[in-house]
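Structure, as structure tokens:
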Protein chains: 2
Amino acid sequence: MDEKGVSSKGAILAAARKEFAARGFSGARVEAIARAAGCNKAMLFYYFSSKENLYRSVLAQALGEIFAEIGGVVNERLTPRSFLERFPEIYIRFLARNPDLPRILVFDLIHNPENISRTVGQIFRENASFNPQLLLGMIRTWHDQGLISEGDPMHFILNVISLSIFSFVGRPMVEAISGLKAGEDEEFYRARIQSVVHTLTKGMLK
Amino acid sequence: MDEKGVSSKGAILAAARKEFAARGFSGARVEAIARAAGCNKAMLFYYFSSKENLYRSVLAQALGEIFAEIGGVVNERLTPRSFLERFPEIYIRFLARNPDLPRILVFDLIHNPENISRTVGQIFRENASFNPQLLLGMIRTWHDQGLISEGDPMHFILNVISLSIFSFVGRPMVEAISGLKAGEDEEFYRARIQSVVHTLTKGMLK
DNA sequence: TATTATATTAACCGTATGGTTAAACTAAAC
DNA sequence: GTTTAGTTTAACCATACGGTTAATATAATA
């Protein structure tokens with residue numbers, strides 16, 4: 001694959017990510033993706049064979065990046081406090097830098113959860129950037145040692161992820177309800193991280 | 001408007017809610033909605049004039065129901081503890097009974113936040129089922145009295161809503177990560193409510 | 001019964017869209 | 001310099017889709 005080929009395929013993937021994030025699968029236009037990638041529509045089918053397949057590639061890439069980022073936080077010698085203090089910051093900052101990812105993710109969680117399951121399973125099989133069993137085991141140990149109050153790892157993780165990821169989705173909702181503007185992005189994320197970390201550490205650490 | 005007319009319009013709205021929730025705006029098919037409502041496609045345009053307009057009606061109705069439910073929890077003599085103990089239960093149970101609502105809501109929060117803002121504003125103007133300023137004022141008072149640790153009402157509400165609503169969206173994600181099945185719905189919601197209430201009360205009450 | 005307003009249908013229409021094809025261009029490989 | 005494999009394009013195709021129309025049915029009203 002020569003230089004032009006790489007950049008074409010890459011450009012299509014990048015453009016597709018934006019388009020799918022902005023409009024969802026059905027709303028995304030193959031033509032628009034090709035144009036944004038600076039190439040012909042046929043080019044897109046040449047590399048990805050179908051819209052569906054292009055979407056799968058985008059999703060797999062996005063989930064891969066997310067898990068690589070998460071994997072960086074999870075290691076053998078993690079205390080529950082350092083996990084709860086560091087995870088939300090890293091995760092929220094990462095999603096703020098890559099706003100297309102939570103959109104694609106949440107969209108699929110709602111409309112195509114099996115899609116997520118399959119792709120996540122595939123990533124864990126192929127890519128060792130993050131070992132979920134390691135995290136699950138640690139959470140169980142933390143609870144056995146009396147360090148945390150939540151005994152079910154699923155709810156522990158759900159609490160952490162909910163507060164982190166919904167910062168993005170829920171912001172316009174709460175702005176609409178309260179009539180307040182949440183302020184500039186940087187200030188909003190700073191305050192959000194602080195609130196999430198405080199609530200999680202105070203709420204789940206024993 | 002005669003009996004048949006009422007039921008046609010209502011049937012279209014109900015079918016549209018399901019279709020939009022399942023496939024999003026662009027993925028939803030006008031034809032499919034009409035068929036599910038037991039009537040002709042032209043009937044739909046007769047009552048709602050466009051797909052867009054039908055969607056707006058569905059969204060307004062959905063948000064109306066949500067705020068009516070929330071309004072039931074918020075009243076003058078609310079302590080922060082009773083709010084944090086009761087809200088997640090009522091909200092999660094309500095969304096579990098009406099699974100289409102969080103789907104439509106989250107979909108629009110991602111792809112059309114201005115839509116949400118406009119409709120929410122409209123509901124507050126027309127319908128007095130829930131007064132957000134009352135809740136905001138209470139949260140500020142609670143903080144002034146030293147009852148809660150989160151001083152910004154926006155983050156207070158965001159924490160509560162995140163943990164409640166993301167229970168639905170995030171479940172397949174966490175199932176995929178952990179490889180665990182979350183169990184039967186009823187058991188899952190029971191445990192989820194308990195975890196959310198515990199985390200919120202312990203995390204945000206002083 | 002004639003009138004009128006609302007409800008409902010079948011048949012159409014224009015276009016946007018995902019996908020195809022066949023040919024041409026590019027640049028190594030031999 | 002010819003072959004070959006990969007890359008790119010313009011033009012095309014079938015159909016699915018949102019929306020329209022004009023005619024008809026229904027039922028209340030005068």
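Chain identifiers are assigned alphabetically (A, B, ...) following the order of the sequence lines, protein sequences preceding nucleic acid strands; residue numbering begins at 1 within each chain.
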Under 6.0 Å between ring centres: does that hold for Phe107(B) and Phe20(B)? no
His111(A) versus Arg23(B), side-chain donor and acceptor atoms under 3.5 Å: no
Greater than 12 external heavy atoms within 6.0 Å of Lys18(B)'s NZ: no
Separation of [N] [atom2] from [X] [atom1] (nearest whole Å):
X        : N       : atom1 : atom2 : result
Ile33(A) : dG19(C) : CD1   : P     : 11 Å
Phe48(B) : dG19(D) : CZ    : C1'   : 16 Å
Leu44(B) : dG19(D) : CG    : C1'   : 11 Å
Glu52(B) : dC17(D) : CD    : C1'   : 16 Å
Asn40(B) : dT24(D) : CG    : P     : 16 Å

Closest to the [X] side chain, choosing from [options]:
X        : options                  : result
Met43(A) : dT8(D), dA10(C), dT20(C) : dT8(D)
Tyr47(B) : dT9(D), dT9(C), dA7(C)   : dA7(C)
Tyr46(A) : dG6(D), dT9(D), dT8(C)   : dG6(D)

It should be established whether Ser8(A) places a side-chain nitrogen or oxygen under 4.0 Å from OP1 or OP2 of nucleotide dT8(D). yes
Test the Lys181(A)-Phe188(A) pair against the cation-pi criterion, namely NZ or CZ under 6.0 angstrom from the six-membered ring centroid and within 45° of the ring axis. no
Parallel, tilted or perpendicular, as decided by the 30° and 60° cut-offs, for the rings of Phe25(B) and Tyr55(B): perpendicular
For the residue pair Phe156(B) and Trp142(B), does the interplanar ring angle fall in the parallel (under 30°), tilted (30 to 60°) or perpendicular (over 60°) class? tilted
Nucleotide N/O of nucleotides 16-18 of chain C paired with protein N/O under 3.5 Å:
unit_1, atom_1, unit_2, atom_2, d
dT17(C), OP1, Arg29(A), NE, 2.8
dT17(C), O3', Arg29(A), NH1, 3.3
dG18(C), OP1, Ala28(A), O, 3.2
dG18(C), OP1, Arg29(A), NH1, 3.2
dG18(C), OP1, Lys51(A), NZ, 3.0
dG18(C), OP2, Val30(A), N, 3.2
dG18(C), N7, Lys41(A), NZ, 3.3

